[in-house]
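To start, the structure itself, in structure tokens.
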Amino acid sequence: MLFSCITQAHYAKSRVIDQQLEQLSLRDTLYFQITDDSVEVEDFLLNPAMHHAFQLVGEQKKAQIEPGQVVWLFVRLQYSGNTPLNSIIHYDFPLADQVTKVLFDRQQQRLLQHYHTGSDYPFAERLLPTPSFAFPLTLEPTQEVDIFLKIQDAGLVPLQLNLWQQEHFNAAQTQLSLIEGIIQGLLFALVLYNCYLLLRRQRSLYLYQAGCYLSLSLVIATLSGQAFAHIWPNQPEINSAILYVLSGLTLLCLNQFTYLALSSFQRLPWRWLFLLNQFLSLSLLFSPLFADGQLRVQLLLACSLTVLISNSFVSFTHFLQGHVTARFFALAWLCLLLCGGLLMVSEFGLLQLPLLWNQGLLAALIISMTLISYHYAHHQDTSDTTSHAGAPSLSQQSFGQLFFQQSNDAIFVTSETGQLLQANSRFYDLTGLTAATTSEQATRSTTTLLEKILPDWALLFPQVIQEDAPVIMQLNPDQAADNFVAVTAEFISMPGKEAEKVICAKLAPLSEEAYSKLRQQQLNETDNLTGLLNLSSFIALLQQALSANQAGALLQIDLIDFKRINDQCEQAAGDALLRQVAAKLQQELANQPLARVSADTFVAYLPDKGSQEAFIQSYRLLDELRGFRFIWQEHIFRFHISIGVLNLTPADSDASLALGRVAQACQQAKRKGYNRIHMHQPDDDEQPIKQSEQVEWETKVRDALNNNKFVLNLQYLKPLKPEEKSRYEVLLRYRADAGHLISAANFMPAARKAHLAQRIDRWVIEHYFAWLYQHQVQLNQTACSHLNISAASIIDPDFIHFVADRLHHYQLDANTICFEVDEYIAVEFLSSTVTFIQQARDLGCLICLDNFGSGLSTFNLLKQLPLDYLKIDANIMRKLTNEPLNMAVIRCIIDMAKSMGIEPIAPFIETEETYQLMKDYSVTLFQGYHLSKPCLLTEAFEP
């Protein structure tokens, strides 16, 4: 009775099928309808009005739907054959989120099949192991069936359906897989080719080209469904967003390659155009984080066309400037634009092209990109070939060939990366090399030849460029008779290529008298171990800059663990560490003055750099050195650093005082913990950290632990809803003899250095848990208490057992206890932190990551730590309303946390403006003096 009305429910054209079937498009009798996602097939079968709402597809290629909507496809088939027919219903849209197929037999008035599949389900759940959606259909003689397809996706949904005989479908899928395999093989070969060019040329643009081909290969595999079938078949959550991530990465790499390849366009206003393209590509790359499906589709189309059109315009402008490679480059980019545009138009349903046309366009697009890459590499081969290898001489462009070859000085030319490009005959005579040896090395992009001649070149090269006076280097004894030479060098810009520079250097052999004189001068000015400036010469250089009122910034870098490494191994290990760190700093700071001023301390002067640029440079140094591993014999060491930053102002006129202030900033960074940066503030001068204070605080902390002189305070965490139970953070204070309370920030550095931090954690837990047990009324009014945990407790495997014992002893609910772990601890001791968090959550305790955003950790950290709460770094919150960048960072942190099911906490709420802003950002927990100041335990619960 329920389906008795279906025969008259909808007048639809029936598609008559016989046994002579290969491939049949059902477009002529295909109907569609857009409904809410709550509609099911029974609604059409029981409601004739809804069934009559279907309309013929006709010329319409795709349907655009909003979130919460679905597209229904409907077709009626009538089989006129005499024997059963095994066929395949094929819906070619591999990226659809969900596809539901329902088969209704009109003669028997019953549903025969009801099947769900799509990108939201594992690939193994599909009826047929094909990248697109294929459903088996067996038709009996004279059978008439209705086929319903429910397609759920966010964006454009193709309106198409095909019927295949099974053997023809298998053959077509095999042919398609073969074509796609050839295309993927070509792309993989291009990745290897550009990796080879990267190793050979040592130029980063080939890395971007290889990344472009690799990501494009994954884009094609995603569009065809092959990626879902073979790369992440059991992870359907990846399939919904990976297309936009890979497309953004492809455009990002392609745009960066063009920017690096066209050096004459690396200045304003062209640079802004490339930066705009980078911004659009990054927006597409991260679009799954902030945009729904329909907006992502529009962003994909806009970004792709913008990047392709703008880069084609730049290549055409390059052609108008008359460069050697311009014509070929411009034509290849034009072809790339046309092929890419046609493919996008076809994919978005605005132009219907046969499958072979799409494959041909894709092949033409790849060939265009190949020609761009190959022609640029070929041009570089031609331009980089040196005169002794038989190619046009670089000297013909830079200086007179006659002067170059007949000069009594040994002259050579090298690239910025150290590749020896050219040398004169005097150079061969002095070094003992032959032209054949140099020619053999000419096609290599490594620095082995130059470093073989001058082993100290990589270490002393920045000093050579910085100083006007010659720098002494020792020739390799196996290559030359003379041991020492004086080296002078300078950068020279290539004609017509402002962004490309080479180094022109001169070698002069030294007599014993000249060597002794220059060596003594060099020892007086440089550090004997690292070759950097020493303290006196750095002070003289800095004083000269300050006297000229030159703006800039000072950095001080301290190696915290140097003494431990030096003591554990031997002095030779410490010397090797200092030399390696010096080389790393020289590499990162390029031509900036750099000095070693004590055993484990380096300082750098950044001329004409403001505080923001100095901070960026400091973060780069921190990132580079924090990931560095020092290997000595069988030992592998990680070490920690602290960086102090001082922004020089016109009031700074004394170099020694400036070095003292940056040293104070570095000490403040050490007080924050490992791997921290601190910008010098005016009040830092009033709080010098002295060794005597360290010893004094250590004594006070021990006395406080033994005699219970610590005091516990609570600070209220205000929830968004007033009716919720109270939340508090437990804060430790030291009661001075005068009766006033001193914050933990004043004594915890001394406690950590004296290895007392774990005892303090246990004291806090013991006394706070005991207080809760004795005050059941206050306990019932508390939803959660936040306790800070030190690194020493996290890495101690017995600490979690102590927590479990105290919870059981005082009969406390573990869900009311939340442990706060500082971000820098989680990054530095990641493995121990993960173990501690898992054990604490097994007990039932909650976990909060404190000071998130203070260091260089990435959001990937959140994936590795199972968290309940995330507290934003107070330093970012402090300047929230004054710096738009901080507002963007906080918004990003909040959105990321909520997307992962982590509740964000906004600390340092000092004003009503900040409080309202955080509420607008959908934060539900707040902490700060504007809402509540820390108070004693008993005072926290007073009305």
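Index from 1, following the sequence. This one's a predicted model, so the numbers in the text were calculated from it and none came from an experiment.
- With K871 as reference, Q927 is the one residue of E823, E903, Q927 to meet the side-chain hydrogen bond (donor to acceptor under 3.5 Å, both in side chains) rule.
- Of the possible polar contacts, one joining the S119 side chain to the A96 backbone as a donor-acceptor pair under 3.5 Å is found.
- Judged purely by atom type and a 3.5 angstrom limit, K898 uses its side chain to pair as donor or acceptor with the backbone of S922.
- Judged by distance alone, the side chain of D895 and the main-chain N or O of L289 form no donor-acceptor pair under 3.5 Å.
- A side-chain donor-acceptor contact under 3.5 Å links N708 and H767.
- For F279, the CZ atom counts as loosely surrounded, since its 6.0 Å shell holds 12 or fewer non-hydrogen atoms of other residues, nucleotides or ligands.
- Of the possible polar contacts, none joining the R806 side chain to the I765 backbone as a donor-acceptor pair under 3.5 Å is found.
- A donor-acceptor contact closer than 3.5 angstrom is absent between the side chains of Q715 and N713.
- A donor-acceptor pair under 3.5 Å links the side-chain atoms of H775 to the main chain of W771, judged by distance alone.
- Side-chain contact between P719 and L925 is present, with heavy atoms from C-beta onward closer than 4.5 Å.
- The two residues T924 and F926 come nearest to each other via the heavy atoms C-CE1, 3.8 Å.
- N746 places a side-chain N or O within 3.5 Å of a backbone atom of S743 that can act as its donor or acceptor partner.
- Counting only N and O atoms by type, the side chains of Q667 and D558 include no donor and acceptor under 3.5 Å apart.
- A side-chain hydrogen bond (donor to acceptor under 3.5 Å, both in side chains) with Y915 is found for one member of H930, E910, K718 and no other, namely K718.
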Between I817 and L787, is the side-chain contact (heavy atoms from CB on, under 4.5 Å) condition met? List the steps.
CA-CA 8 Å; I817 303 299; L787 291 86; 4.0 Å; yes
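- Judged by distance alone, with hydrogens and angles left aside, the side-chain atoms of K670 form no donor-acceptor pair with the main-chain N or O of I560 at under 3.5 Å.
- Ion pairing between R727 and D868 fails under the 4.0 Å rule for side-chain N and carboxylate O.
- Under the ring pair (Phe, Tyr, Trp, His ring centres under 6.0 Å) rule, W763 has a single partner from Y768, F710, Y734, which is F710.
- The CE atom of M918 sits 4.5 Å away from atom CD1 of I894, with the distance rounded to the nearest 0.5 Å.
- Of the possible polar contacts, none joining the N706 side chain to the D703 backbone as a donor-acceptor pair under 3.5 Å is found.
- Y121 and H116 have tilted rings, their planes meeting at an angle from 30° to 60° on a 0 to 90° scale.
- A donor-acceptor pair is defined here as one N or O able to donate and one able to accept, closer than 3.5 Å; such a pair exists between the side chain of N780 and the backbone of Q776.
- Checking side-chain atoms of D813 against main-chain N and O of N815 turns up a donor-acceptor pair under 3.5 Å.
- Below 30°, between 30° and 60°, or above 60°: for Y773 and Y810 the angle between ring planes is between 30° and 60°, a tilted geometry.
- Contact detail for I794 and I825: the closest heavy-atom pair is CD1-CG2, 3.7 Å.
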